[in-house]
Amino acid sequence: MTLPAPLALEAGGHLEDVDVAYETWGTLDARASNAVLVLHALTGDAHATGPVGPGHPEAGWWADIIGPGLPLDTDELFVVASNVLGGCQGTTGPSSDAPDGRPYGSRFPMLTPRDQVAAEVGLADALGIERWVAVVGGSMGGMRALEWAIAHPRRVAHAMVLAVGAAATAEQIALCSLQARIIRSDPDFAGGDYYDRPHGPTNGMSIARGVGQVGYRSELEFDARFGRRQQGDERPLAGGRYAIESYLEYKGLGLNARFDPNSYIVLSESMNHHDIGRDRGGIAAALATIEGDVTLAGISSDRLYPLRLQYEIAELLPTSTTVEVVASDVGHDGFLVEQDAIGKIIRHALTG
C-alpha cells in the first residue's frame, strides 16, 4: 500500500509516495480488536511465517511462533508484518524509484526508528487498526516496538521487546558504522549509485556481513561449532581456510543474494540513531509515557545487546517488570533461533 501523504522525517525533509509492503495471517475481527504487529530485525522482511512459494523459498523467520495454535495464534489473532522503511523487500528504500523515476541510491535520506514507526502507523491506519493487542519485535524490531509504545501509547496494549536496549551503545554504533564503511569502501559502491552497473559492492557487503555475524553469535557457539577446524580438505598453513572463515564467507554471499547494500547502510545507521530519550527528557521520562503492559526478554549469551540493557529498561519503567532470560549459547540471534523459548514468553504474556 502507498501512504496517502508525504512522510515527514525526524532529521528533516520528507519522502513522497511511500510504499509499505506487508503480509497478514488470520482474520481481523469486526471491531479490529485482535491485531498484532510483528516487527523484523535488520535483514528480515514481511515474510515472518507462511508457506514456501515463489519469492519465499523458506517458511518465514518466525514460522514456529506465528500460525494456528502457535503462540501468536492466527485462529484468534490477526498478525501483521511489514517490511521496514528503508528496506529492500517491497517498502520504499534506496533501491526504489524516486519521483523522477530513477532509483534513490545516494539521494535516499537519513532515517531513524521514529520515521520507520511513522510508516507503520500509516499502515495501521490504512488497515483500520486503532489499537494493537501487541507490538512484538527483537533487535531492530525491538527498537520500533519501544518507539510504538512511547510515541503512540494508546495504540499499544502490550509491547513485547526482545534483545535490545533503550538506546544504541557506543559499541553497537561502532560495529554498525564499521560495516557501513566497509561497504562504502568497495570500488563498486560508486557513491551509492550502482544500480545501472553490472554489479554492486558485493565484496564489501560480504565482508560487512561477516563482521556483523561475529556480533550476532557468541564465542561459545563459534568454539563449539568450528573451533580451529579447517574447512574440508583445505589446509590453513598452505593458504586454505579455517571452517569459521568459510562460514562467514557463506553468510556474506547469502546476504548478497537477497539484500541491497544501500539498505544495509541506511538501516544500520538508523539503528545507530536509536535513542528513546532523545528530545523526550531522557530514557526514564520516555518510558514513563508507556500506558500498556511491557514484556522484556533477552538472551543469556548476547554480547551485542547484553542483558544489562534489558535490565536497564526494567529498572526505569514506572511499573514493576521482570526480564525473561532465554538461556542459549547462540548469542544475539537467539531471538530468532530459540523460537520455542521465545514463543513460551509470548504466549504467557498474551494469556497470563
Side-chain angles (χ1 to χ4, degrees), residues 40-45 61 84 86-89 93-95 103-106 108 110-111 139-140 168-223 225-232 234-274 301-305 330-333 336-337:
H40 69 75
L42 174 60
T43 60
D45 55 28
W61 49 270
V84 71
C88 53
Q89 286 107 346
S95 60
Y104 278 102
S106 62
F108 197 78
M110 177 189 299
L111 298 179
S139 192
M140 188 180 77
T169 67
E171 182 174 77
Q172 291 158 11
I173 293 170
L175 288 171
C176 281
S177 63
L178 281 174
Q179 292 174 71
R181 285 173 58 191
I182 290 168
I183 296 171
R184 289 185 172 119
S185 70
D186 188 318
D188 291 314
F189 182 64
D193 297 311
Y194 49 80
Y195 296 108
D196 60 351
R197 293 174 170 243
H199 58 83
T202 54
N203 187 54
M205 179 75 155
S206 179
I207 297 171
R209 183 57 169 179
V211 171
Q213 196 68 19
V214 173
Y216 300 147
R217 298 288 176 146
S218 77
E219 185 272 336
L220 287 172
E221 188 209 16
F222 278 164
D223 194 56
R225 286 181 64 183
F226 305 106
R228 294 186 51 78
R229 293 188 297 278
Q230 67 184 37
Q231 176 62 22
E234 299 182 31
R235 296 178 56 244
L237 290 182
R241 298 170 298 170
Y242 289 100
I244 183 61
E245 294 178 287
S246 176
Y247 167 78
L248 295 178
E249 290 175 16
Y250 166 77
K251 298 299 289 188
L253 291 172
L255 189 64
N256 264 315
R258 66 179 181 84
F259 212 82
D260 176 48
N262 271 329
S263 279
Y264 197 87
I265 291 173
V266 166
L267 298 183
S268 294
E269 293 183 341
S270 77
M271 294 168 68
N272 286 349
H273 303 314
H274 170 57
S301 58
D302 192 342
R303 57 184 173 187
L304 187 60
Y305 291 86
V330 173
H332 181 61
D333 273 355
L336 294 170
V337 175

TODO: Could you walk me through whether T43 and R209 pass side chain to side chain contact (heavy atoms under 4.5 Å, CB included), step by step?
DONE: CA-CA 10 Å; T43 60; R209 183 57 169 179; 3.4 Å; yes
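- We find the NE2-OG distance between H274 and S139 to be 9.5 Å, quoted to the nearest 0.5 Å.
- To the nearest 0.5 Å, the span separating CD on E219 from OG on S301 amounts to 10.5 Å.
- In plain terms, the two heavy atoms of L248 and Q213 that are nearest each other are CD2-CB, 3.9 Å.
- Residue Y242 is tested with Q231, R228, E234 for a side-chain hydrogen bond (donor to acceptor under 3.5 Å, both in side chains); the sole match is R228.
- Using a 4.5 Å cut-off on side-chain heavy atoms (C-beta onward), L255 and Y250 make no contact.
- Taking a 6.0 Å sphere around CZ of R258, one finds it holds more than 12 heavy atoms contributed by other residues, nucleotides or ligands.
- Checked for salt-bridge contact, R217 and D333 meet the test: a charged N lies under 4.0 Å from a carboxylate O.
- Y247 OH to I244 CD1: the interatomic distance, rounded to the nearest 0.5 Å, is 7.0 Å.
- Side chain to side chain, N256 and S206 fail the donor-acceptor criterion of an N or O pair below 3.5 Å.
- Between the side chains of N262 and Y104, no donor-acceptor pair of N or O atoms lies under 3.5 Å.
- Nearest heavy atom pair, residue Q172 against residue L304, reads NE2-O, 2.8 Å.
- Shown here for S263 and C88, the closest heavy-atom pair between the two residues is OG-CB, 3.6 Å.
- By the ring-ring contact (aromatic ring centres under 6.0 Å, His included) test, F259 pairs with no residue at all, sequence neighbours left out.
- For S177 (side chain) and A174 (main-chain N/O), a donor-acceptor pair under 3.5 Å exists by modelled atom type.
- Counting only distance, with no hydrogens or angles, the side chain of W61 and the backbone of D45 share a donor-acceptor pair below 3.5 Å.
- Contact check for F108 versus S95: no side-chain heavy atoms found under the 4.5 Å cut-off.
- Of all heavy-atom pairs spanning H40 and V84, the tightest one is NE2-N, 3.0 Å.
- Although no hydrogens or angles enter the test, the distance criterion places no donor-acceptor pair under 3.5 Å between the side chain of S246 and the main chain of A243.
- Here the side chain of D188 pairs no donor or acceptor atom with the backbone of P201 at under 3.5 angstrom.
- Using a distance-only test at 3.5 Å, with no hydrogens or angles considered, no donor-acceptor pair links the side chain of S268 to the main chain of C176.
- S106 contributes no side-chain N or O that, together with a main-chain N or O of G192, makes up a donor-acceptor pair within less than 3.5 Å.
- The pair E221-R303 does not count as a salt bridge, with every side-chain nitrogen at least 4.0 angstrom from each carboxylate oxygen.
- Between the side chain of E269 and the main chain of V266, no donor-acceptor pair closer than 3.5 Å is present.
- The CG atom of N272 lies 9.5 Å from the CG atom of L175; values are rounded to the nearest 0.5 Å.
- Taking the six-membered ring where the residue is Trp, F226 and F222 present tilted rings, their angle falling between 30° and 60°.
- A distance of 12.5 Å separates CD1 in I207 from CG in L178, rounded to the nearest 0.5 Å.
- A salt bridge links R241 to E249: at least one charged side-chain nitrogen sits closer than 4.0 Å to a carboxylate oxygen.
- Once rounded to the nearest 0.5 Å, the distance linking NE2 of H273 with CE of M271 reads 12.0 Å.
- Listed by chain and residue number, nothing satisfies the ring-ring contact (aromatic ring centres under 6.0 Å, His included) test with Y216 (two or more places apart in sequence, or in another chain).
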TODO: Begin with the C-alpha distance, continue with both residues' side-chain angles, and end with the deciding distance and a verdict on side chain to side chain donor-acceptor pair (under 3.5 Å) for Y194 and D186.
DONE: CA-CA 11 Å; Y194 49 80; D186 188 318; over 6 Å; no
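- Annotation for Y195 and G105: closest pair CE1-CA, 3.7 Å, computed over non-hydrogen atoms.
- For the residue pair S270 and M140, the shortest heavy atom distance occurs at OG-SD, 4.5 Å.
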